[in-house]
Enquirer: 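Here's a structure for you.
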Amino acid sequence: MPHFRERASTGATTMTEDRYDWRTIQDRWLPEWEKLDPFRAGQRGPDAERRYALDMFPYPSGDLHMGHAEAFAIGDVIARHWFQQGYDVLHPIGWDSFGLPAENAAIKRNSNPAEWTYANIETQADSFRRYAISFDWSHRLHTSDPGYYRWTQWLFLQLHERGLAYRKASQVNWCPKDQTVLANEQVVGGACERCGTPVTKRELTQWYFRITQYAERLLDDMAQLEGRWPDRVLTMQRNWIGRSRGAQVDFAVEGRDEPVTVFTTRPDTLYGATFFVVAADSRLAQELCAPERRADFEAYREQVGRLTEIDRLAEGREKTGVPLGRHAINPVNGERIPIWAADYVLADYGTGAIMAVPAHDQRDLDFARTFGLPVRVVVDTGEPDPAETWTATSGDGVLVNSGPLDGLRKEAAIAAIVAELEAKGGGHGSLNYRLRDWLVSRQRYWGAPIPIVHCPVDGEVRVPDEQLPVRLPELRGADLAPKGVSPLAAATDWVRTTCPRCGGPAERDTDTMDTFVDSSWYFLRYPSVDRDDVAIDPEATKRWAPVDSYTGGAEHAILHLLYSRFITKALHDLGHVDFVEPFATLHNQGQVINQGKSMSKSLGNGVDLGAELETHGVDAIRLTMLFAGPPEEDVDWADVSPTGSGKFLARAWRVARDVTTAPGTDPGAGDAALRATTHRAVAEIGSLVEAFRFNVAVARLMELVNATRKAIDSGPGAGDPAVREAAEAVAVMLSLFAPYCAEDMWAALGHEPTVALAGWPAVDPALLVQETVTAVVQVAGKVRARLDVPPDVTEDALRELALADPGVVRALGDRAIRTVVVRPPRLVNVVPA
RNA sequence: GCCCCGGUGGCCCAACCGGCAGAGGCAGGCCCCUUAAAAGGGUCGCAGUGCGGGUUCGAAUCCCGCCCGGGGCACCA
């Protein structure tokens with residue numbers, strides 16, 4: 001007989017169905033939750049310990065997809081677990097709503113990007129609600145709101161004031177398809193990170209953030225992230241920052257007053273430098289080129305400029321270059337070496353110039369081979385002669401052909417030469433970084449305008465805070481089409497303005513900021529979303545930040561996470577936050593794939609989230625995502641069974657329905673075995689969830705449901721108080737994974753909503769102690785007997801018992817005993833002679 | 001080429017610091033319930049842990065060398 005009951009407070013619904021029907025249950029609880037709004041931050045008062053749970057906010061492209069379903073399910077388990085544990089939780093949501101797709105959609109539909117953007121946001125918000133993510137909807141933001149980008153502009157100005165935002169002309173990455181410049185981090189394998197188009201170089205004046213000034217701290221502060229962020233992310237960031245230790249060495253150049261400085265990691269090989277190379281696209285190359293080489297050089301430079309990054313980095317490509325008709329002087333031996341321009345030397349790494357030591361650097365050797373330049377070995381590593389094998393030697397060895405360095409080993413030689421250079425003033429030891437400054441200007445419309453006015457009198461002038469936001473003009477359709485200059489430049493009424501300093505006519509900066517600027521500080525804005533007079537409220541920030549747990553995809557390992565760390569440090573230095581790392585722990589989830597491949601239109605293996613939810617219901621999909629395997633591994637949708645998840649939910653639900661005792665029944669008198677199972681499960685599931693082992697936690701929950709079912713059918717029966725205790729524990733724990741089903745169970749058990757705030761079940765330690773454990777007795781490593789022993793059995797007692805066991809005696813036969821390994825209380829291994 | 005992670009029943013996955021290889025699920029077989037089917041309940045596991053060696057009383061677990069899959073880095077001086 002099903003257990004019927006009418007709930008007093010919410011009244012209207014009577015649960016009469018006796019079959020698990022997820023559709024009815026979803027329809028019943030979604031409106032209830034809307035009314036209760038149970039996940040508001042701050043509801044537990046200032047004395048409750050706080051937690052900040054954050055998911056990487058979505059880009060509003062259409063509706064949510066399978067990837068969102070997994071990522072947000074994971075983040076939700078963490079947040080809901082914290083709610084159950086009684087923490088005051090901030091679990092906000094927002095949208096990264098500036099960006100190119102909206103612009104492209106607007107061009108196609110002859111509309112403004114806002115229309116498409118905000119329609120998609122509403123769609124996704126509805127889907128999130130239905131998907132039952134425990135968001136605090138009162139802490140919500142959209143980066144494209146003037147109320148948000150006003151503060152993104154404020155951030156820019158803060159950085160500008162400290163010299164951390166500046167403009168410079170240089171060779172920059174250009175995406176011909178998107179018609180905009182790109183940051184280094186947004187060029188992946190020589191192609192545009194967004195659209196895959198091969199990137200070319202252009203000489204342009206652009207805005208940069210001085211992230212390189214933080215290189216050392218970005219590296220050092222990783223110590224506090226060790227063990228709390230995935231190792232691979234830390235490794236990738238370390239590689240990206242790319243610190244290398246070496247020396248700067250000054251080379252005099254014939255016919256030039258100033259010397260040219262090079263960076264090298266191998267100052268010990270200075271005597272082996274046989275030529276000198278400057279980056280073909282550098283200003284230095286321009287300047288050093290002798291008149292009679294000018295024509296050749298210009299031709300070469302043009303050829304280099306046409307190359308895409310992909311071409312330039314092509315495997316096995318021959319080295320190219322031209323001599324500049326000038327010579328540099330090796331500071332240690334006075335040798336005249338020719339200066340070349342080549343594209344294998346990069347203008348923006350080190351000083352854009354190198355000393356080439358072909359014997360000990362493969363790239364220099366390749367170049368020497370192509371152009372017939374001399375090779376001189378200065379470190380004898382015992383390897384074959386590079387001039388014959390065309391393989392550079394880079395191991396340790398003894399210096400030769402190196403004057404005073406001869407006979408020293410590599411390390412000693414480096415120390416000696418650095419000391420000598422420093423003494424004579426021709427150079428010094430130094431660190432160099434691969435990290436470049438962050439190029440933040442974009443020649444596109446749908447982003448935060450750069451809040452700078454260009455005045456013919458005053459130059460670059462910051463827009464005063466009280467004039468923020470600098471709002472985007474209303475442009476639509478074809479006005480937004482990419483044309484190589486920002487669409488804002490065409491909005492002449494908008495561009496024309498007055499100088500905030502002198503009041504004379506001036507022009508607005510027409511670029512917008514990289515959308516990664518928007519997302520590099522949004523987690524700092526959440527606690528202060530209700531403040532329109534300040535970006536970051538100190539009180540709210542103190543209460544909630546930094547983020548305790550950040551969940552999202554590994555694709556942001558460098559870009560978003562590095563930028564966010566940088567901005568946090570900068571804001572720390574500016575006195576706005578009192579911490580230097582924004583995300584205390586980070587978890588990457590895997591991808592949702594199908595049949596071994598990532599889902600894509602061209603493969604035709606896409607799975608539609610909406611359709612899956614329509615077939616199986618929210619809970620079954622959430623549970624399937626979490627049960628599929630470790631969260632950081634990919635979920636292959638072809639390998640998992642949402643139907644199976646649904647069956648488990650129905651099974652759990654029926655257990656709650658079968659309970660016949662009244663709410664509040666004291667479990668003390670209940671079946672001891674089931675109680676022990678329940679308490680052990682609660683303890684174990686708690687620690688599994690904390691350890692991010694959701695798939696195992698779900699498995700334990702299934703075990704508990706199975707044990708409860710058995711107790712009802714063939715044990716103490718549905719009227720046993722332990723059955724109620726078990727069913728209630730299941731409801732509370734299940735609420736992390738399948739909130740609708742759990743809520744319905746909770747109601748069936750006679751409780752008021754919401755189970756989400758019911759509190760994690762208390763574990764009675766007395767119920768966890770086992771009266772006996774099974775000890776295994778092996779003979780020569782094979783199990784020959786099992787003994788029931790007290791958990792605190794002594795080594796001697798266990799040995800006695802084991803050796804007396806008939807099975808052991810039989811297995812031993814007449815062999816003598818060599819040793820007996822005893823590991824109380826679980827194992828004995830008898831080793832025969 | 002270098003670095004990191006993984007490989008366990010037909011499939012997805014467990015097995016804490018070396019100690020009974022199997023927790024959970026999917027698929028499948030059988031049984032009960034049913035006029036029947038579905039739903040439900042029960043029950044069934046000879047895979048020795050990618051391959052080869054080593055350490056150990058004992059190895060999925062530790063070490064060495066391979067194979068396969070995934071990821072990262074790769075003209076950064």
Side-chain angles (χ1 to χ4, degrees), chain A residues 19-20 189 230-233 235-236 238-240 242-244 246-247 262-267 269 277 279 312-315 317 319 342-346 348-357 360-364 366-367 432-436 554 557-558 588 590-591 593 596 623-624 627-630 632-636 638-645 647-648 650-651 654 684 687-688 691 693 695-706 709-710 712-714 774-786 817-823 826-832:
Chain A
R19 186 163 309 194
Y20 175 72
D231 282 343
R232 21 188 315 261
V233 175
T235 304
M236 284 168 73
R238 237 173 244 123
N239 288 342
W240 187 262
R243 172 167 57 191
S244 48
V262 302
F263 174 74
T264 175
T265 55
R266 293 292 307 274
T269 63
V277 189
R312 202 180 64 77
L313 298 174
E315 194 91 22
R317 180 172 163 256
K319 289 276 182 288
D343 68 354
Y344 82 95
V345 171
L346 308 175
D348 54 358
Y349 182 77
T351 61
I354 63 157
M355 62 175 205
V357 184
H360 306 295
D361 183 290
Q362 191 60 47
R363 296 154 299 181
D364 296 343
D366 293 343
F367 193 84
N432 203 37
Y433 299 89
R434 203 183 86 116
L435 183 70
R436 314 291 154 82
I558 298 176
N588 290 140
Q591 311 263 78
I593 61 174
L623 193 70
T624 302
F627 184 53
E632 66 278 9
E633 275 169 34
D634 289 352
V635 175
D636 193 330
D639 290 338
V640 295
S641 172
T643 309
S645 301
K647 282 187 183 178
F648 162 69
R651 198 171 155 78
R654 284 193 305 268
E684 210 173 343
S687 40
L688 285 165
R693 309 198 52 208
N695 55 327
V696 187
V698 171
R700 294 285 173 272
L701 198 51
M702 288 172 167
E703 279 182 88
L704 179 57
V705 169
N706 291 346
R709 176 84 266 154
K710 231 173 203 156
I712 294 170
D713 287 352
S714 53
T774 304
V776 172
V777 187
Q778 302 174 330
V779 176
K782 288 207 171 67
V783 180
R784 298 297 186 184
R786 283 161 215 279
I817 296 171
R818 183 143 62 103
T819 28
V820 182
V821 180
V822 186
R823 292 280 178 277
R826 293 235 106 99
L827 179 125
V828 179
N829 190 9
V830 183
V831 187

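These numbers come from the heavy atoms of this one structure, side chains and all, not from hydrogens, waters or symmetry mates. Below, read A as the first sequence line, B as the second, and so on, with proteins coming before strands; counting in each chain starts at 1.
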Enquirer: Is B:rG6 paired to anything, Watson-Crick or G-U wobble with both distances less than 3.5 Å, and if yes, which nucleotide?
Expert: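 Paired with B:rG6, as far as the under-3.5 Å criterion goes, is B:rC68.
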
Enquirer: Side chains of A:Gln778 and A:Arg784: does their closest heavy-atom pair fall under 4.5 Å?
Expert: no

Enquirer: Where does B:rG48 land, syn or anti, once you apply the within-90°-of-0 test for syn?
Expert: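 Because its glycosidic torsion lies within 90° of 0, B:rG48 adopts the syn conformation.
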
Enquirer: How long is the line joining CZ of A:Arg700 and P of B:rC16, in whole Å?
Expert: 11 Å

Enquirer: Classify A:Arg693 by what it touches in the nucleic acid, base, sugar-phosphate, or nothing, heavy-atom distance under 4.0 Å.
Expert: sugar-phosphate

Enquirer: Using Watson-Crick or G-U wobble geometry with both distances under 3.5 Å, which nucleotide pairs with B:rC73?
Expert: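 Per the H-bond distance test, B:rG1.
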
Enquirer: Whole angstrom is fine here: how far is it from CG in A:Asp361 over to C1' in B:rA74?
Expert: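 So the two atoms are 14 Å apart, to the nearest Å.
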
Enquirer: What is the distance from CD of A:Glu632 to P of B:rC13, rounded to the nearest Å?
Expert: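 Answer to the nearest Å: 11 Å.
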
Enquirer: Which part of the nucleic acid, if any, lies within contact of A:Thr264, taking any heavy atom under 4.0 Å across all strands shown: a base, the sugar-phosphate backbone alone, or nothing?
Expert: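 Result for A:Thr264 = sugar-phosphate.
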
Enquirer: Which nucleotide, if any, forms a Watson-Crick or G-U wobble pair with B:rA21, using both distances under 3.5 Å?
Expert: none

Enquirer: Classify the nucleic acid contact of A:Val345 as base, sugar-phosphate or nothing, counting any heavy atom under 4.0 Å across all strands shown.
Expert: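 Counting heavy atoms under 4.0 Å across all strands, the contact made by A:Val345 includes a base.
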
Enquirer: Side-chain donor-acceptor pair under 3.5 Å between A:Asn239 and A:Arg434, yes or no?
Expert: no

Enquirer: Please list each protein N or O that sits under 3.5 Å from an N or O in nucleotides 4-12 of chain B, with the distance.
Expert:
unit_1	atom_1	unit_2	atom_2	d
B:rC12	O2'	A:Ala628	O	3.1

Enquirer: Which atom pairs link the protein and nucleotides 37-44 of chain B when you take only N or O atoms and keep those under 3.5 Å?
Expert:
unit_1	atom_1	unit_2	atom_2	d
B:rG40	O3'	A:Arg654	NH2	2.9
B:rG41	OP1	A:Arg651	NH1	2.4
B:rG41	OP1	A:Arg654	NH2	3.1

Enquirer: Within this structure, what is the CZ-to-C1' distance between A:Arg312 and B:rC75, rounded to whole angstrom?
Expert: 7 Å

Enquirer: Starting at atom CD of A:Glu703, determine the distance to atom P of B:rA15, rounded to an integer number of angstrom.
Expert: 12 Å

Enquirer: Give the rounded distance in Å between these two atoms: CG of A:Asp636 and C1' of B:rG70.
Expert: 13 Å

Enquirer: Could you tell me whether B:rC4 is syn or anti, where syn means a glycosidic angle within 90 degrees of zero?
Expert: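 Classified anti.
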
Enquirer: Can you check whether A:Asn588 reaches A:Val233 side chain to side chain, under 4.5 Å on heavy atoms?
Expert: yes

Enquirer: Examine A:Lys319 relative to A:Tyr344 and say whether NZ or CZ is less than 6.0 Å from the centre of the six-membered ring and inside a 45° cone about the ring axis.
Expert: yes

Enquirer: Between B:rA36 and B:rA27, how far apart are the P atoms? Round to whole Å, please.
Expert: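 Rounded to whole Å, the distance is 24 Å.
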
Enquirer: Only pairs with both distances under 3.5 Å count, Watson-Crick or wobble alike; so what is the partner of B:rA60 in this structure?
Expert: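 Checking every strand shown, B:rA60 finds no partner, since no pair has both distances under 3.5 Å.
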
Enquirer: We want to know whether A:Thr265 and A:Ser244 form a side-chain donor-acceptor pair, criterion being a heavy-atom distance below 3.5 angstrom.
Expert: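 Judged by distance alone, the side chains do not pair up.
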
Enquirer: Mind checking the CG-CG spacing from A:Asn695 to A:Leu623? Nearest 0.5 Å is all I need.
Expert: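 Rounded to the nearest 0.5 Å, the CG-CG separation comes out at 11.0 Å.
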
Enquirer: Without decimals, in angstroms, what is the distance between A:Ile558 CD1 and B:rC73 C1'?
Expert: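 Computing the A:Ile558:CD1 to B:rC73:C1' distance gives 9 Å.
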
Enquirer: Below 3.5 Å is the cut-off: list the nitrogen or oxygen pairs between protein and nucleotides 54-57 of chain B, distance only.
Expert:
unit_1	atom_1	unit_2	atom_2	d
B:rC57	O2	A:Asn829	ND2	2.4

Enquirer: Under 4.0 Å: is that the gap between some side-chain N or O of A:Asn695 and OP1 or OP2 of B:rA14?
Expert: yes

Enquirer: When the distance from CZ of A:Arg826 to P of B:rC16 is rounded to whole Å, what number comes out?
Expert: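 From A:Arg826 CZ to B:rC16 P: 13 Å.
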
Enquirer: Considering every strand and a 4.0 Å limit on heavy-atom distances, what is the contact class for A:Ser244: base, sugar-phosphate, or nothing?
Expert: sugar-phosphate

